[in-house]
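Shown next, in structure tokens, is the structure this report addresses.
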2 protein chains.
Amino acid sequence: MNKSDLKLISVLERTGGFASAQELHQILRREGDGIGLTTVYRALQSLVDDKIVDLLRRDDGEAIYRLCGDGHHHHLVCKGCGQTVEIEGGAIENWAKTKAEEFGFREVAHTAEIFGLCSKC
Amino acid sequence: MNKSDLKLISVLERTGGFASAQELHQILRREGDGIGLTTVYRALQSLVDDKIVDLLRRDDGEAIYRLCGDGHHHHLVCKGCGQTVEIEGGAIENWAKTKAEEFGFREVAHTAEIFGLCSKC
DNA sequence: ATGGAAATGATAATCATTTCCATTTGTGAT
DNA sequence: ATCACAAATGGAAATGATTATCATTTCCAT
């Protein structure tokens, strides 16, 4: 955990939702920090390794990052404005576990996102 | 649906699992087909639009394709060997619909994948 | 102060995917 | 069969994210 890692955590805390490495780099630059893109990638990688941030993928495959919350949860993402709401898994947790066992899978993890248009859009 | 689309479907049928655009292109080339990479991408795109193949992402973000079964379904993917099983959504369908309504979202779609190690790995 | 390890960042390399554009192929009307 | 035109094709270049290189700088413990 070094200085750059902390900077990235700070930005992720302030932005809240998901952001790509390139976006995070731009934000830091805009704030006057001369941090290099390479360092941003390195810091994110190490934070992912330490399970401090989650990595998922946009539709186009670009990697996006967010701080891990305490609990496990999923997202409701607006296709219009990008607003995201964290929601509890509930039924899906059991579904994933049940299905995995049914086919003899171990060490399972799952992803689930819901996309739609929010009430404003 | 043109000649190239059919070629791609044929390869996907024979290979069974998931394959990336680059891999599919190499396979066709190896078989003596002079098809261009551009055409492979175009054909895959149109097959995805027509919901004939599924598109998902490897860990590194590379797009991988697979023939769709008939209905809406999800995947159980082995992290070890890449084997995939199509599974019915069941509970998750209702979960997605309920949660979306709860927050006033419209035109919702969802994604859900389960990852784990299959019994062989 | 100093030596070495870790961190940094500019630049170049890599790799999947898209865009461009000229050429070829298929098709329908005559 | 032939002509005209749209659709399909494929090679090359462009794009954009991510990674590798490597020289330089920062940190620390001595």
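Here is how names work: the chains are called A, B, and so on, in the same order as the sequence lines, proteins then strands, and each is numbered from 1.
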Heavy-atom pair with the smallest gap, counting every atom of Met1(B) and Leu6(B):
SD-CD2, 4.0 Å

Taking the minimum atom-to-atom distance to the side chain of Ala21(B), which one of dA10(C), dG11(D), dT17(C) wins?
dT17(C)

Are Asn2(A) and dC27(D) close enough that a side-chain N or O sits under 4.0 Å from OP1 or OP2?
no

When all nucleic acid strands are considered with a 4.0 Å heavy-atom cut-off, which category describes Gly61(B): base, sugar-phosphate, or nothing?
nothing

Using 4.0 Å as the upper bound for N to carboxylate O, is an ion pair formed by Glu31(A) and Arg14(A)?
yes

Between dG11(D) (C1') and His25(B) (NE2): distance, integer Å
10 Å

Taking every heavy atom of Ile114(A) against every heavy atom of Ala96(B), the minimum-distance pair comes out as CD1-CA, 3.4 Å

Need one value for Leu37(B): base, sugar-phosphate or nothing, where a base atom within 4.0 Å counts as base even if backbone is also close, heavy atoms only.
base

Given dA6(C), is OP1 or OP2 found less than 4.0 Å from the side-chain N or O atoms of Lys3(A)?
no

I want to confirm an ordering. Mapping Gln45(A) and Arg42(B) to their closest nucleotides on DNA chain D, which one lands closer to the 5' end?
Arg42(B)

Output the rounded distance in Å from CG (Asp59(B)) to C1' (dT18(D)).
15 Å

Answer yes or no: does a side-chain N or O of Thr38(B) lie under 4.0 Å from OP1 or OP2 of dT17(C)?
no

Rounded interatomic separation in angstrom, taking CG from Asp33(A) and C1' from dA7(C):
14 Å

Pairing nucleotide - dA22(C), Watson-Crick or G-U, each distance under 3.5 Å
dT9(D)

Pairing partner of dA14(D), by Watson-Crick or G-U wobble and under 3.5 Å for both distances, is dT17(C)

Counting only side-chain heavy atoms from C-beta out, which of dT17(C), dT9(D), dT18(D) sits nearest to Ala63(A)?
dT18(D)

Counting any heavy atom closer than 4.0 Å, what does Ser20(A) reach on the DNA or RNA strands: base, sugar-phosphate only, or nothing?
nothing

Of all the nucleotides listed (dT8(C), dT11(C), dA16(C)), which has the minimum atom distance to the side chain of Gln22(B)?
dA16(C)

Under a 3.5 Å cut-off for both contacts, is dT30(D) paired Watson-Crick or G-U wobble with anything, and if yes, with which nucleotide?
dA1(C)

Are Leu8(B) and Leu28(B) close enough that some pair of their side-chain heavy atoms sits under 4.5 Å apart?
yes

Could you see if Val53(B) belongs to whatever hydrophobic cluster contains Tyr41(B)? Use Ile, Leu, Val, Met, Phe, Trp, Tyr and a side-chain cutoff under 4.5 Å.
no

What integer distance in Å separates Ile35(A):CD1 from dA7(C):P?
13 Å

To the nearest angstrom, the CG-P distance between Leu44(B) and dG10(D) comes to 13 Å

Euclidean distance, atom CG of residue Leu8(A) to atom P of dT8(C) [Å, nearest integer]
10 Å

Comparing Asp5(A) with Tyr41(B), nearest DNA chain C nucleotide closer to 5' gives the residue Asp5(A)

Nearest to the side chain of Glu62(A), heavy atoms from C-beta on, is which of dT9(D), dT8(C), dA17(D)?
dA17(D)

As a quick check of understanding, evaluate salt bridge (charged side-chain N to carboxylate O under 4.0 Å, His left out) for Asp54(A) and Arg66(A), giving each step before the final call.
CA-CA 5 Å; Asp54(A) 279 343; Arg66(A) 79 161 156 83; 3.0 Å; yes

When the distance from CZ of Arg57(B) to P of dA16(C) is rounded to whole Å, what number comes out?
13 Å

Spacing of Gln26(A) atom CD relative to dT18(D) atom P, expressed in whole Å
13 Å

